[in-house]
Amino acid sequence: SFNWSLLGPSPSPEHCPLATQAGIRDRRRPGDMDTVDATMEQLRAQCLSRGATGIQGLASFFRRLDRDGNRRLDAGELRRGLAELGLALAEAEAEGVCRRWDRDGSGTLDLEEFLRALRPPMSQAREAVIAAAFAKLDRSGDGVVTVDDLRGVYSGRGHPKVRSGEWTEEEVLRRFLDNFDSSEKDGQVTLAEFQDYYSGVSASVDTDEEFVAMVTSAWRL
C-alpha cells in the first residue's frame with residue numbers, strides 16, 4: 001500500500017472542511033453529479049493538505065494499482081485503492097465516479113481522465129508554461145523524459161524558498177528530483193507525471209504571473 005506518511009501528516013478536519021461538510025457518504029442519490037463532485041473535492045483537499053506532492057503521490061499510487069496496465073479501473077479497484085488511502089467509498093458511489101469517467105460504456109473509468117479531474121484547476125497560462133517546459137525537455141517528442149534530463153536543465157534560482165534564503169539551489173534541486181527518482185520509479189518522467197507535480201505546486205501559488213515566472217526560471221524558457 002502507498003505510504004502516505006511520506007507526504008506529511010494526515011489532514012485534520014479543519015484542513016479538509018469538505019470532508020466534514022460534504023463528505024463521501026452524501027445522502028443524495030449515489031452517482032448524482034453533485035455527489036461525485038463532493039467526492040472529488042474531498043479527495044483533492046486531502047491530497048493538497050499533504051503539500052505540493054500530494055496529488056502526485058495519489059496519482060502514482062493509482063497508476064501502480066492499474067496492474068494490468070490498461071489505464072482503466074473498475075468500481076471495485078477504485079474502492080480498494082481509496083480504502084488503502086483511508087477513504088471509504090460505498091459501492092454505488094464508486095460506480096457513480098466510474099460512470100463519470102467511463103468513455104466507452106465498459107463500466108470502468110479512464111484512469112488518466114480521472115487523475116486529470118483530480119488535479120486542482122489551472123489557468124490556460126499555467127497549463128501552457130508547464131507544457132512548454134516539458135516540450136523543451138522532451139527532445140525526441142515521445143512524451144517521456146529522463147530524470148537526468150531534468151537534472152541537466154532545472155534551475156532552482158527562482159524558487160520562492162531559494163529567494164527567501166530558506167533553501168539553497170542545490171537543496172531545491174535535490175527535493176525536486178526526489179519527486180521523480182525513487183525506488184519505485186524507472187528514471188523516466190511522463191507529461192502526466194510532470195503535470196501532477198506542478199498541479200500541486202500551482203495550488204500554493206496565488207497569481208499566474210508568479211507561477212509562470214517560477215516555471216520559466218526553473219526551465220530557462
Side-chain angles (χ1 to χ4, degrees), residues 4-19 37 40-63 85 112-138 143 145 147 149-182 185 189-221:
W4 273 107
S5 65
L6 295 175
L7 303 180
S10 297
S12 57
E14 64 269 20
H15 289 141
C16 193
L18 285 164
D37 287 343
M40 295 299 288
E41 287 285 355
Q42 182 192 9
L43 196 54
R44 185 182 299 123
Q46 288 208 350
C47 288
L48 292 176
S49 73
R50 290 172 164 89
T53 59
I55 294 285
Q56 184 188 18
L58 183 138
S60 296
F61 171 82
F62 271 104
R63 289 192 180 100
L85 301 177
E112 292 305 323
E113 290 282 344
F114 169 71
L115 294 175
R116 193 174 298 121
L118 185 63
R119 295 174 193 145
M122 286 191 289
S123 69
Q124 191 171 0
R126 297 187 188 212
E127 290 182 346
V129 75
I130 293 169
F134 191 84
K136 177 179 179 178
L137 295 164
D138 183 19
V145 300
V147 170
D149 289 334
L150 301 182
R151 183 181 289 108
V153 178
Y154 184 78
S155 167
R157 190 173 305 156
H159 193 283
K161 291 197 175 185
V162 173
R163 293 208 309 267
S164 70
E166 186 176 345
W167 293 350
T168 66
E169 284 189 54
E170 180 59 34
E171 281 178 305
V172 77
L173 172 63
R174 186 174 68 251
R175 287 170 184 263
F176 176 78
L177 293 176
D178 283 348
N179 292 302
F180 301 102
D181 194 14
S182 71
K185 292 288 185 179
V189 181
T190 66
L191 175 58
E193 290 169 333
F194 201 69
Q195 290 168 329
D196 291 338
Y197 170 77
Y198 272 112
S199 72
V201 174
S202 173
S204 65
V205 179
D206 292 334
T207 68
D208 285 356
E209 290 77 9
E210 184 182 358
F211 182 83
V212 170
M214 180 181 67
V215 177
T216 298
S217 171
W219 301 108
R220 310 170 200 268
L221 298 178

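It should be emphasised that the depicted structure is a prediction, and the values quoted were computed from it without experimental measurement.
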If you look at every heavy atom in [X] and [Y], which pair is closest and at what distance?
X	Y	value
R44	L118	NE-O, 2.8 Å
A132	L221	O-CD2, 4.0 Å
M214	V201	CE-CG1, 3.4 Å
L48	G200	CD2-CA, 4.3 Å
V162	G156	CG2-O, 3.2 Å
F134	V145	CE1-CG2, 3.8 Å

Hey, could you give me the CG/CZ distance between L115 and R119, rounded to the nearest 0.5 Å?
7.0 Å
Enter the distance from E127:CD to D208:CG here, rounded to the nearest 0.5 Å.
10.5 Å
Within the 4.5 Å heavy-atom criterion, are [X] and [Y] side-chain neighbours or not?
X	Y	result
L173	E169	no
R63	D196	yes
F211	I130	yes
R174	W167	no
Y154	D149	no
K161	E171	no
Y197	V189	no

Relative to each other, are the rings of Y198 and F176 parallel, tilted or perpendicular (30° and 60° limits)?
tilted
Could you tell me whether the side chain of S217 and the main chain of A213 form a donor-acceptor pair under 3.5 Å?
no
Check for a donor-acceptor pair, side chain of D138 on one end and backbone N or O of G143 on the other, with a separation under 3.5 Å.
yes
Only one of S202, S199, P121 passes side chain to side chain contact (heavy atoms under 4.5 Å, CB included) with R126; say which it is.
S202
